[in-house]
*Asks:* 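Before I ask anything, let me first share the structure, which is written out below as structure tokens.
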Protein chains: 2
Amino acid sequence: MIPSDRGTKVYIEIVKQLRSMIEKDGLKAGDKIPSERELSERLNAGRSSVREALRALELLGLIETRRGEGTFIRDFHGNQLVQLLGTFVLQDEKARKDVAETKVLIEMNCLLLAAKKCRGKGFRLKEWVQAQRMLEDDRFFQKVAELADNYLVCRIWQILKDYNHSLHVKKSIFPAEWYVRLAEALDADSEDEIRSAYDALRKLSEY
Amino acid sequence: MIPSDRGTKVYIEIVKQLRSMIEKDGLKAGDKIPSERELSERLNAGRSSVREALRALELLGLIETRRGEGTFIRDFHGNQLVQLLGTFVLQDEKARKDVAETKVLIEMNCLLLAAKKCRGKGFRLKEWVQAQRMLEDDRFFQKVAELADNYLVCRIWQILKDYNHSLHVKKSIFPAEWYVRLAEALDADSEDEIRSAYDALRKLSEY
DNA sequence: GTTCCAAAAGTGGTCAGACCAAAAACTTCC
DNA sequence: GGAAGTTTTTGGTCTGACCACTTTTGGAAC
């Protein structure tokens, strides 16, 4: 295979080809992709180059390989990746602060978005909250992120959450009452109240 | 190399070894790591396996390789993570709307963050804006994102911007005056004014 | 026809060796 | 001491060879 740009590496080219191949054929999570040997033949590249591309995607959690069976597309829930970045990269203090800061921002965005999207839908987050005694912080915001009905934001939040875990380890679980005010504010679709309730919550949980 | 756990792959083992090697030797961004051949010898593995590990780390943006020179550690601030997720996941129509929506959110966040970070610094964005006649929208927010002093947010914005371009193609360039009010609001550190100025701008530019 | 089992084929996992291209290190010569 | 040429090092890629495991296949026995 001759890389399109001189200077580009073959395995990068293969990653791109794979992407468009997946798009073109409409492959979904769980589907099988061609074997390494077939790819190497179809893309006119050495098998080792194909493997470099596949291994990279595997480490990213985008595909899964099973010896003797084949290579399959995975439902990307970037677990390994995050773990790796966590232990590998985020050593410096500034980066950690950035993560925490960004997470707070995104959570606030999710809250406001969720309020907007739920407008007139009659959904009551408060009831959901009150149905439990203790509430895992992540679980609450997972719910909110879903309500925000924006897959991208949802994914970004998840990634930040995972990042954070790989740093602090500890998972926060608080009494459900702490979330009631926030849920009420969201149900009431009151922007100011959402803001202050969230700030209050984060103070409580000593973020 | 015999993987510690049976079932674990050699290249994964090598990634781990590299990690501990970097930690042990206290290697920092910019430092050089041993050559592929030396690693393959020291770790008692084939060179192709070493390459699979290195290529994966490279795609993650953790290392950088230069032909004829060697392989070097990169600082985290180049993470491809979101990028990859972006190109891989964002395909359908809904996702496009999500991108636009998210971009607006992030821009607002950047503005507020920037205001906070500039507090008391005496920086005047207004002067910078007025120094030009026409202003590329992206350039303005690039500036704001930098002022926000949060690399992660900055990266996320850039990715959203790039993705947006790949959809709309057109780049927006507006008269500098449009940005003056927003710059003033930012300089004045007035949250409400920032919000309304940004909303007004996005209405003007028909986002 | 059905069931069961062994052989064959397919697939990922790994290694060794070869060659190329680019950069760096070294030598030679002025 | 500096410039030019040669050798060495290093990443980039391909090929072919095994191994281990899974699926498929093709009979053989019932």
Side-chain angles (χ1 to χ4, degrees), chain A residues 1-18 21-22 25 27 29-74 80 84, chain B residues 1-18 21-22 25 27 29-74 78 80:
Chain A
M1 165 179 269
I2 308 108
S4 56
D5 307 304
R6 223 162 46 83
T8 308
K9 297 170 190 173
V10 172
Y11 90 99
I12 293 285
E13 206 66 26
I14 293 175
V15 168
K16 290 181 185 168
Q17 289 289 325
L18 276 172
M21 190 180 299
I22 289 173
D25 299 351
L27 298 184
D31 288 348
K32 190 176 170 190
I33 66 179
S35 75
E36 297 180 351
R37 289 173 177 85
E38 187 182 336
L39 282 174
S40 124
E41 203 170 326
R42 266 168 56 174
L43 300 179
N44 198 30
R47 194 181 151 209
S48 52
S49 292
V50 171
R51 279 185 63 82
E52 288 179 11
L54 291 178
R55 261 2 88 214
L57 293 179
E58 185 181 56
L59 195 64
L60 276 171
L62 297 177
I63 59 173
E64 179 184 2
T65 58
R66 296 199 283 271
R67 172 191 251 157
E69 296 182 61
T71 304
F72 304 83
I73 298 181
R74 231 175 121 160
Q80 336 198 8
L84 225 137
Chain B
M1 166 178 267
I2 307 110
S4 57
D5 307 304
R6 220 163 49 83
T8 309
K9 297 169 191 174
V10 171
Y11 91 98
I12 293 286
E13 205 67 24
I14 292 175
V15 168
K16 290 182 184 168
Q17 289 289 325
L18 276 171
M21 190 181 297
I22 289 171
D25 300 351
L27 298 183
D31 289 349
K32 190 177 169 189
I33 66 179
S35 75
E36 297 180 351
R37 290 174 176 83
E38 185 181 337
L39 281 174
S40 125
E41 204 170 326
R42 264 166 61 174
L43 300 178
N44 199 31
R47 194 182 151 210
S48 52
S49 292
V50 170
R51 279 185 63 83
E52 288 179 10
L54 291 179
R55 260 4 88 211
L57 295 179
E58 185 182 56
L59 194 65
L60 277 172
L62 299 176
I63 60 173
E64 181 185 1
T65 58
R66 297 199 283 271
R67 169 189 266 170
E69 296 183 60
T71 304
F72 304 83
I73 299 181
R74 242 175 113 164
Q80 329 271 77

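Below, chain A is the first sequence line, B the second, and so on; all start at residue 1.
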*Asks:* With a sphere of 6.0 Å drawn around CD of B:Glu41, does it hold more than 12 non-hydrogen atoms of other residues, nucleotides or ligands?
*Replies:*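 12 or below, so no.
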
*Asks:* Indicate yes or no: does A:Arg66 engage A:Glu64 in a salt bridge with an N to O separation below 4.0 Å.
*Replies:*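 Yes, A:Arg66 and A:Glu64 are salt-bridged.
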
*Asks:* Measure CZ/A:Arg37 against P/D:dC14 and give the value in whole Å, please.
*Replies:*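 It is 16 Å, rounded to the nearest whole Å.
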
*Asks:* Nearest-Å distance, CD (B:Glu36) to P (C:dC20)?
*Replies:* 18 Å

*Asks:* Looking for any heavy atom pair under 4.0 Å, which part of the strands does A:Gly68 touch: base, sugar-phosphate only, or nothing?
*Replies:*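 Base, at least one base heavy atom under 4.0 Å.
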
*Asks:* What is the separation between atom CD on A:Glu52 and atom C1' on C:dG12, rounded to the nearest whole Å?
*Replies:*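 After rounding, the gap between these two atoms is 16 Å.
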
*Asks:* Starting at atom CD of A:Glu64, determine the distance to atom C1' of C:dT11, rounded to an integer number of angstrom.
*Replies:*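 Taking CD of A:Glu64 and C1' of C:dT11, I get 15 Å after rounding.
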
*Asks:* Does D:dG12 have its OP1 or OP2 closer than 4.0 Å to a side-chain nitrogen or oxygen of B:Arg55?
*Replies:*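 For B:Arg55, the contact criterion (side-chain N or O under 4.0 Å from OP1 or OP2 of D:dG12) is met.
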
*Asks:* Roughly, in whole Å, what's the span from CD in B:Glu41 to P in D:dT10?
*Replies:*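 To the nearest whole Å, that distance equals 11 Å.
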
*Asks:* Between C:dT11 and A:Thr71, is there an OP1 or OP2 to side-chain N/O distance shorter than 4.0 Å?
*Replies:* no

*Asks:* Hey, are B:Glu58 and A:Lys9 close enough for a salt bridge, meaning a charged N less than 4.0 Å from a carboxylate O?
*Replies:* yes

*Asks:* Is A:Ser49 close enough to D:dG12 that one of its side-chain N or O atoms is under 4.0 Å from OP1 or OP2 there?
*Replies:*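 For A:Ser49, the contact criterion (side-chain N or O under 4.0 Å from OP1 or OP2 of D:dG12) is not met.
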
*Asks:* Could you write out each protein N or O paired with an N or O of nucleotides 5-8 of chain C at a distance under 3.5 Å?
*Replies:*
none

*Asks:* Between A:Leu18 and A:Leu39, is any pair of side-chain heavy atoms under 4.5 Å apart?
*Replies:* yes

*Asks:* Do the side-chain N or O atoms of A:Arg51 get closer than 4.0 angstrom to the phosphate oxygens (OP1, OP2) of C:dG13?
*Replies:* yes

*Asks:* Among D:dT13, D:dC14, C:dC15, which nucleotide has an atom closest to any side-chain atom of B:Arg47?
*Replies:*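 In terms of side-chain proximity for B:Arg47, the closest of D:dT13, D:dC14, C:dC15 is D:dT13.
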
*Asks:* How long is the gap from OG1 on B:Thr65 to CZ on B:Arg74, to the nearest 0.5 Å?
*Replies:* 10.0 Å

*Asks:* Using a strict 4.0 Å threshold on nitrogen-to-oxygen distance, state whether A:Glu36 and A:Arg55 make a salt bridge.
*Replies:*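 Salt bridge between A:Glu36 and A:Arg55, a charged N being under 4.0 Å from a carboxylate O: yes.
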
*Asks:* Can you identify which nucleotide, out of C:dT11, C:dC19, D:dT13, has its nearest atom closest to the A:Lys9 side chain?
*Replies:* D:dT13

*Asks:* Could you state the interatomic distance from CG (A:Leu62) to CG (B:Leu59), rounded to the nearest 0.5 Å?
*Replies:* 8.5 Å

*Asks:* Within this structure, what is the CZ-to-P distance between A:Arg67 and D:dA20, rounded to whole angstrom?
*Replies:*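 After rounding, the reported distance stands at 8 Å.
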
*Asks:* What is the distance, to the nearest angstrom, from the CD atom on B:Glu69 to the P atom on D:dG12?
*Replies:* 11 Å

*Asks:* At less than 4.0 Å, is any side-chain N or O atom of B:Thr65 found next to OP1 or OP2 of D:dT10? Yes or no.
*Replies:* no

*Asks:* Just compare D:dT15, C:dA22, C:dT14 and give me whichever is closest to any side-chain atom of A:Ser48.
*Replies:*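 In terms of side-chain proximity for A:Ser48, the closest of D:dT15, C:dA22, C:dT14 is D:dT15.
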
*Asks:* To the nearest Å, how far apart are A:Lys32 NZ and C:dT11 C1'?
*Replies:*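 Rounding to the nearest Å, NZ of A:Lys32 and C1' of C:dT11 are 7 Å apart.
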
